[in-house]
Amino acid sequence: MVNGSGQSLSMLTDLYQLTMSAGYLDLDRAEEEAVFNLFFRRHPFRGGYTLAAGLQQVIELVEGFRFDGDDIRYLGSLKGNDDTPLFKAEFLEYLSSLKLTVDIDAVPEGTIVFPHQPIVRVKGPILQCQLLETALLNIINFQTLVATKASRVAFAAQDELVLEFGLRRAQGIDGALAASRAAFLGGCSATSNVLAGKLFGIPVKGTHAHSWVMSFDDEQQSFSAYADSMPNNCVFLVDTYDTLDGVRKAIEVGQSLRARGNEMVGIRLDSGDLAYLSIEARKMLDSAGFPNASIVASNDLDEHIIDSLKRQGATIAVWGVGTKLVTAYDQPALGGVYKLAALKGEDGIWMPKIKLSEQSIKVSTPGILQVRRFSDNGRFVADAMFDEQSGLEERPVIIDPSDPVRQRRIDDVATYEDLLVPITRGGEIQYDSPPLQAIRERAGMQLSSLHAGVKRFENPHSYPAGLEQGLYKLRESLIRQARGASA
């Protein structure tokens, strides 16, 4: 998958997916047609939007999905609480010859999405739909979370470069690679992660650490030695001892470097009062004839700190963001879910399904869902979620499923786009995934089409996204029926 191993992820699942699948086979329901929707209920980071990511890895999951001999032997070794085999031989034989035949629709990576909207829709034999659940959630939840965080960081930095520096603090090897990919998709310009650069074509950046400086007798000697070794990659880390004194020494080495025909790229600040230090360093660099030398800053940055530093007049041109980006530090999980939305009866008619809850936000939306996004002069206006079987009126009314008082009729909008596009048909890939750079560009265009109020960090504007009126009424009817049946 993300690590390029080519290993099938069929076994990257929760045990209950397999026990349910075995039950479906026992009951002769394995081929019963079902529809599942993958969605989330709240935006991460208390924000106003979410940026979808991870589809390329979903495609790789589907392409490589299989249970090989080692998988079957392992599953055959599992025991129930009576110390007999957990799975019957018939089920293991079924898995060994299983080939996915599902239809998958999804929003393209780099698409802005909102709560309750399906990011991925899976239609096909219920057993197969069930087996895909855990891996789909693992892939989409994490990459969508990090891509959204990266977009917020990039928004705070405005037009300045953001470098992803999170490898050493990421959650494991695959987590680091997935985070680097998602961060670039979301708006970071480069990564320190060399393997991610190799695998995904992301630009890589980095110079030296404090240990380089400390390994020499004095700071200036360390800068001079680095300039001799890497004359075309000189960003000097100046805060090992005294930051402003380090800037002076970097300038002296920069002058020597220039005399030999190379230019100092800049300096990096990694501690202290970054606003004050960057302002003073900028004065020193400009006065010494280095107006083009960049000031790079790191030190546990996130969108809020960057926004604050910019308000203080910091002269930082490049932002190195690590831990708080790749770990999504302030919200480490998206909370996406995967819910059954419809079953096909023996008569061939689709029956909508709904999950109730004591919490209204956890009530699912039934049907074979699609999302239509309306735009006006390049600006997103509203999203209407509807059941494909019923279609959508020309001037639909949308209702917020969490607050039915919030309703809106979508009038006189010239253009629209249906967000879910075909990914597989009968298990075969139909979608040509674009290069990562193109996905990154799509994300940028999507974000530029959002009202600025939706992107602000504090109390963001609520974008109009809801259920088409007929779908809302169906949902309410099924809620009443289900509560009556359970009474």
Suppose we screen for salt bridge (charged side-chain N to carboxylate O under 4.0 Å, His left out). Which residues come up paired with [X], at least two apart in sequence or across chains?
X      : value
Asp411 : Arg395
Glu31  : none
Asp418 : Arg372
Arg408 : none

Legend entry - Test: Asp270 and Arg268 ion pair at under 4.0 Å: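 Answer for the salt bridge query: yes.
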Legend entry - Lys455/Glu303 ion pair, N-O < 4.0 Å: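 Looking at Glu303 together with Lys455, the answer is no, because their closest N to O distance does not fall below 4.0 Å.
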Which residues pass the side-chain hydrogen bond (donor to acceptor under 3.5 Å, both in side chains) test with [X], sequence neighbours left out?
X      : answer
Asp70  : Arg73
Arg311 : Asp307
Arg373 : Asp383, Gln446

Inset, instruction - Return each pair, listed once, that meets side-chain hydrogen bond (donor to acceptor under 3.5 Å, both in side chains) where at least one residue sits in residues 119-129; pairs must be two or more places apart or across chains. - result: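 Pairs touching residues 119-129 that pass the test: Thr101-Gln128, Asp105-Arg121, Arg121-Glu388.
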Legend entry - Pairs involving residues 39-61, ordered by first then second residue, that meet ring pair (Phe, Tyr, Trp, His ring centres under 6.0 Å) (sequence neighbours left out):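 Qualifying pairs, neighbours excluded: Phe40-His43, His43-Phe114.
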Legend entry - Minimum side-chain heavy-atom gap Phe374-Pro396 below 4.5 Å: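 Yes, side chains in contact.
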Distance-only donor-acceptor pairs under 3.5 Å for side chains of residues 339-353, two or more places apart:
{"unit_1": "Asp347", "atom_1": "OD1", "unit_2": "Ile349", "atom_2": "N", "d": "3.0"}

Legend entry - Results of side-chain contact (heavy atoms from CB on, under 4.5 Å) for Gln430 - residues two or more places apart only: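 Gln430 satisfies side-chain contact (heavy atoms from CB on, under 4.5 Å) with Arg425, Glu428 only.
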Show me, pair by pair, the donor-acceptor contacts under 3.5 angstrom made by side chains of residues 464-474, not counting sequence neighbours?
{"unit_1": "Glu468", "atom_1": "OE1", "unit_2": "Gly470", "atom_2": "N", "d": "3.3"}
{"unit_1": "Glu468", "atom_1": "OE1", "unit_2": "Leu471", "atom_2": "N", "d": "2.9"}
{"unit_1": "Glu468", "atom_1": "OE2", "unit_2": "Gly470", "atom_2": "N", "d": "2.7"}

